[in-house]
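Numbering of ligands and ligand atoms starts at 1, following listing order. Both backbone and side-chain heavy atoms feed into the values below; hydrogens, waters and symmetry mates do not.
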Amino acid sequence: MKILVINSGSSSIKFQLFSMKERKVLASGLIEQIGEPLGKVKLNSSHHKEPVTQKLAIPTHEHGIEIISSFLIDSKIIKSLDNLDGIGHRVVHGGKFNESQLIDDNIMQEIINNTPLAPIHSPANIAGIKAAEIEAPNVPQVAVFDTAFHQTMPPYAYTYALPYDLCKRLHIRRYGFHGTSHKYIAEEASKILKKPLSKCNFITLHLGNGTSAAAIKNGKCIDTSMGLSPLEGLIMGTRSGDLDPAIIFYLERMEKLKPYEIDMLLNKQSGLKGICGTNDLREVQDKMSSGDERAKLAFDMFCYRIKKYIGAYYAILGRVDAIIFTGGIGENSASVRYQSCKDLSHCGILIDKKKNDKNSTHIESRSEVKILVVPTNEELEIAKLTEYIIQKNSKAN
Ligand code: AMP
């Protein structure tokens, strides 16, 4: 089976084409600055030694998909986009859906109806789906939702303590995000530990520019740090994570800020960047090494928040088989992992500094709770889920 995975942003399309039998990437690429006077294209395939790069106007997502289609045909990987076995789309907000869905008119309408819950991401995801449908009208298209894995949370974990009827009417609840990544690393960790996922309790930490934690009991998510939107929870590159909601009204009164300005402030100017001027953890660490106190504060805050969530999730899980780190920071920053897990021996968590420095998965035999580094692969997980939904649907028919 050949499955194309598409991740559409408001001005970008990222894609990977998988041969599912060998779990092999046949081609991949990134199309950026869609809608701007000059867009950027970077395409790779097993037939090219060097990436193919281009600068040209890419007015719409439809033009972006046409570029991908021509590249795959010219590289002789496929005869036409319509010959693919499936196209899997990353869709950020899935509302009530607890698994991926084969896209038909009803599902498309549901995705459109969820737009107010993800006003930045949903229109881009919809544009990507519509463009792919035009270019490949006979190929099954599957929506893989970032929120679906977290739908197993119990009501006492996902309900906010606000007027209940208002929450029901406006669909206000904790949804959680990065679900595809949390699911993928939990499955990989169960293989590493040689224990069925249905018997595993994990704390998963996706630490990239966006960061989130999840508590997984017997293979199912029972709580996660992101909420109605991806703003809640851990400290992120430019997002504040948890804060006292009264700060919003205080800012409104004192700085005369409008709601969208506060939205921007919390999403784009806060987190690591808000504290020390950069959202890139490598730069935070470099600044810290040269004695920058704000960078040290940002780093300490970042790790302290992770540690608090580890403690909270340890309490609700009771028994924890492993803490799993992933994402650009989780996979590469030994110091973040060390600082977040040290001095937790009373919880059965022992981190070995030397082994941790290797940035690879290591099983610390003295530690009751294993600490694992598992590189995430959201694209492969989307491809696997797309294949599963297409096969399930063809059996049902
Ligand atoms: P992601 O969103 O998963 O691509 O992760 C981006 C984050 O990972 C940025 O904050 C990067 O600074 C961080 N990152 C990437 N490589 C490293 C590294 N070698 N050491 C520390 N942080 C890193």
Side-chain angles (χ1 to χ4, degrees), residues 5 7-16 25 28-30 32 42 90 92 120-121 124 146 176-186 188 204-214 224-226 229-231 233-241 267-290 292 294-306 324-342 351 353 355-362 371-382:
V5 171
N7 183 352
S8 308
S10 51
S11 63
S12 67
I13 304 175
K14 204 171 151 191
F15 78 92
Q16 283 196 3
V25 178
S28 63
L30 178 62
E32 290 177 286
K42 193 172 176 186
R90 179 184 183 210
V92 168
I120 297 169
H121 293 99
D146 267 21
F177 297 84
H178 291 147
T180 318
S181 176
H182 287 286
K183 181 174 185 297
Y184 177 82
I185 60 169
E188 291 300 299
T204 47
L205 294 161
H206 178 109
L207 309 178
N209 239 326
T211 58
S212 65
T224 190
S225 59
M226 284 178 165
S229 81
L231 184 56
L234 301 175
I235 292 171
M236 311 186 206
T238 61
R239 286 174 247 166
S240 63
N267 274 295
K268 301 271 181 215
Q269 293 154 26
S270 300
L272 294 172
K273 188 176 180 192
I275 299 298
C276 73
T278 174
N279 62 309
D280 188 314
L281 192 91
R282 283 165 294 202
E283 286 177 28
V284 176
Q285 288 176 333
D286 289 348
K287 281 178 157 199
M288 198 166 66
S289 314
S290 46
D292 186 314
R294 291 262 213 101
K296 169 141 179 40
L297 175 63
F299 182 86
D300 288 346
M301 288 167 63
F302 186 82
C303 299
Y304 177 74
R305 183 81 56 89
I306 297 169
I324 309 159
F325 285 90
T326 199
I329 296 171
E331 290 166 35
N332 297 300
S333 177
S335 36
V336 164
R337 293 194 301 269
Y338 187 74
Q339 178 114 340
S340 312
C341 292
K342 71 173 188 178
I351 185 154
K353 197 161 188 330
K355 287 184 182 167
N356 177 53
D357 280 345
K358 289 187 184 149
N359 278 339
S360 59
T361 274
H362 61 280
I371 298 167
L372 307 179
V373 178
V374 178
T376 194
N377 192 339
E378 287 169 280
E379 288 78 15
L380 176 58
E381 185 63 28
I382 294 173

Out of all atoms in ligand 1, which are within 4.0 Å of some heavy atom of N279? Include the element for each. 10 (O)
Taking only heavy atoms of G208, which atoms of ligand 1 are found under 4.0 Å from at least one of them? 1 (P), 2 (O), 3 (O), 5 (O)
Pick whichever of M236, H206, R282 has a heavy atom sitting closest to atom 21 (C) of ligand 1. R282
Of N332, T278, L207, which has the heavy atom at the shortest distance from atom 16 (N) of ligand 1? N332
Could you tell me the residue and atom name of the protein heavy atom closest to [atom], and the distance to it rounded to 0.1 Å?
atom                    : result
atom 7 (C) of ligand 1  : I329 CG1, 3.7 Å
atom 6 (C) of ligand 1  : N209 N, 3.7 Å
atom 10 (O) of ligand 1 : L281 N, 3.1 Å

Working to the nearest 0.5 angstrom, can you tell me the gap between K342 NZ and K353 NZ? 9.5 Å
Do any nitrogen or oxygen atoms of [X] lie less than 3.5 angstrom from nitrogen or oxygen atoms of ligand 1?
X    : value
G328 : yes
D280 : yes
G327 : no

Mark whether atom 4 (O) of ligand 1 lies under 4.0 angstrom from at least one protein heavy atom. no
How are the rings of H206 and H178 set relative to one another: parallel (under 30°), tilted (30 to 60°) or perpendicular (over 60°)? parallel
State, yes or no, whether a side-chain contact exists between L234 and L207 at a heavy-atom distance under 4.5 Å. yes
Heavy-atom distance under 4.5 Å between the side chains of T180 and R90, does that happen here? no
side-chain contact (heavy atoms from CB on, under 4.5 Å) with M288: which of E283, R294, K296? K296
With a heavy-atom distance limit of 4.0 Å, tell me whether Q285 approaches ligand 1 through its side chain, its backbone, both, or neither. side chain
Minimum-distance pair of heavy atoms, taken over all atoms of V373 and G330: CG1-O, 4.1 Å
Distance-minimising heavy-atom pair for A213 and H182: C-CE1, 3.9 Å
Pairing donors with acceptors under 3.5 angstrom, does anything connect the side chains of Q339 and D300? yes
